[in-house]
Amino acid sequence: MEELLNRWIPNVMCRTDIFWKSVRETFVMVGWAGSISFLIGILLGVTLIITKKDGICENRLIYQVIDKIINFFRSVPFIILLVGLVPLSRLVMGTGIGVKGAIVPLIFGCAPFFSRQMESALSDVNPGLIEAAQSMGLSNVEIIWSVYIRESIAGIARGTTITIISLIGLTAMAGAVGAGGLGNFAIMYGHDRNMPDVTYTTVVVLVIIVTIVQILGNTIAKKNTH
Amino acid sequence: MAEIIIENVSKTFATADGTVEALKNVNLSIEKGDIFGIIGMSGAGKSTLVRCINLLERPSSGKVKIKDRELTAMSSKELRNSRKKIGMIFQQFNLFSARTVYENIAFPLRKSKLTKAQKKEKVESLLKLVELENKADVYPSQLSGGQKQRVAIARALASDPEILLSDESTSALDPKTTKAILNLLKKINKELGITIVVITHEMQVIKDICDRVAVMKDGEVVESGKVFDIFANPKHEVTKEIVNNTTNLSNIYELIHSDNFQLKPGQVIVKSSYVERDVSEALVSQISRMYGLDVNIIFGNIEMIGGNPIGGLVSIIQGEPEQIEQALSYLREKKVGVEVILDGRAS
């Protein structure tokens, strides 16, 4: 087995330590940026749903402001966010480069998309259920937790899957400007030093990660669809 | 003391094409233990009115009182607590699809002070009441419409409400299931003493279970009172239309206007309807004997409303013109509504 790998991907096998470090860095970036974006996404998605017209806390101003901010960050190309947010990154994380430096732009690149996914999942909740919950005397906070979120777990799982997979793509891009992770590994060795086996290995690993995330998401969604 | 009092309630909605007056100065009082029907064509404002009872729609003006406590003056927290005593069921059932039947019914109990065992006992007794004991762990998507409505009823009853609002709860169901759900509502009303407000566009629903009824049109209550009185003696056009649509007696007009219908000279077509509740006298054979008339019953429809007959007969009466006239006054004396539909005496 090892012999075979040595023959096929010699440039990866002679630097497995860097390879595994890159995999770990990718997971760190996806993990941190993903969880923070998830929380922001739920928060903004819920806010959009409840403040929109005929929502349970209708508020035109808040809706419009959040809606526009999300649109703004979704229209800025990620590569520009990466560079443009370096000062903010330095302020928050203490550095603008490496894995730590990539997390802030990754959140800005991912959270707006996440928010839209959440908004779409939550808007699938039948308005009749909200009315029924109100008739039972539930407060708005209870309605958000026990009805909106509880009823759309499957939709949230599907939206999360899509977002996490696109986030994995973003981390590879972040690698291009020195963030570390598999993207960086592929650029540094596969491209710059002309070692195609490194590039291929990276792609294969990313395909495996994406597949696992998709299967996980599908399973959760399926379990929560009745 | 009335259970629900609706006082001068108006509701206007702002739409793109200006404001719409959904309710215009509605006054109603609903007694404890009654099954109160609100009937009207779609767009009459029934659904808005029922939502004003638990303030899902806040009236633009007017007061809503439940047991002398003014809902329209409550803080939102007080209002939420009051709503727990007002159950509501809907046309589209509105069950939580991500929760099982058991979890749906237990939902209103999740913040109650009952112990886990007490909650279980309560949910199980409700399941028994609606005859769905074997469906506790099933998800709503696996139930039929009638079963879903039963679950919704059980869920609405879980917080021990004093009032149950039913918004077109049988309109999505077939006639047989409708009957079963109505019987269930009747049973709940009798056994638990819950005041029920039923919104419907179907006369049949009112006839089957309601004690009192209000008829609505264009946001106004045009008539209200005991179901028998309203439907035996409809005063407003809308009420007449609803009654005619349901008692097939109106079909007679179609018959006499058809080409192959010919009245012989001297014959009279008379529609006689019961206005009072006594049907014990053999009036048809009486007038036939007393005035030497031939009475040919061509159409009849009698339905029971609140245990009393409503409807009547259409018959062709043949005989001496004067005798016919006397017979008709005799019927009127006996408190039978008499209407000459077609008179062949003159021609």
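The environment of A:Phe78 atom CZ is dense: over 12 non-hydrogen atoms of other residues, nucleotides or ligands sit within 6.0 angstrom. Within a 6.0 Å radius of CD in B:Glu121, other residues, nucleotides and ligands contribute 12 heavy atoms or fewer. Within 6.0 Å of atom CD1 in B:Ile5, more than 12 heavy atoms from other residues, nucleotides or ligands are found, so the atom counts as buried in its surroundings. Residue B:Lys84 places its NZ atom among more than 12 non-hydrogen atoms of other residues, nucleotides or ligands, all under 6.0 Å distant. For B:Tyr139, the OH atom is densely surrounded, since the number of other residues' heavy atoms within 6.0 Å is greater than 12. For B:Lys120, the NZ atom sits in a loose shell: 12 or fewer heavy atoms of surrounding residues, nucleotides or ligands are nearer than 6.0 Å.
Looking at B:Arg110 and A:Glu142, a side-chain N of the basic residue comes within less than 4.0 Å of a carboxylate O on the acidic one, giving a salt bridge.
With a 4.5 Å cut-off on non-hydrogen atoms, A:Thr225 does not touch chain B at all. Within the 4.5 angstrom heavy-atom criterion, only backbone atoms of B:Leu95 (N, CA, C, O) approach chain A. Residue B:Phe107 touches chain A through its side chain alone, counting heavy-atom pairs closer than 4.5 Å. Of the atoms belonging to B:Ser97, heavy atoms from both backbone and side chain fall under 4.5 Å from chain A. Neither the backbone nor the side chain of B:Lys77 comes within contact range of chain A; no heavy atoms are under 4.5 Å apart. The contact between A:Leu138 and chain B is made by backbone and side chain atoms together, counting heavy-atom distances below 4.5 Å. Looking at B:Phe90, only its side chain comes within 4.5 Å of chain A, counting heavy atoms on both sides. Proximity to chain B (any heavy atom under 4.5 Å) is shown, for A:Ser139, by both the backbone and the side chain.
For residues 48-71 of chain B, heavy-atom neighbours of chain A at less than 4.5 Å comprise B:Arg51, B:Asn54, B:Leu56, sorted by residue number.
Note: B:Lys111 leads B:Lys85, B:Gln92, B:Lys111 in heavy-atom pairs under 4.5 Å with chain A.
In plain terms, the two heavy atoms of A:Ala132 and B:Asn94 that are nearest each other are CB-CB, 3.9 Å.
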With side chain to side chain contact (heavy atoms under 4.5 Å, CB included) as the test, would you mind laying out the steps for A:Arg150 and B:Arg99 before giving the verdict? CA-CA 9 Å; A:Arg150 179 73 175 77; B:Arg99 296 173 199 266; 3.2 Å; yes

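Between the CZ atom in B:Arg83 and the OG atom in A:Ser135 there is a gap of 8.0 Å [rounded to 0.5 Å]. Atoms CD1 and CE, on B:Ile86 and A:Met136 in that order, are 13.5 Å from each other to the nearest 0.5 Å.
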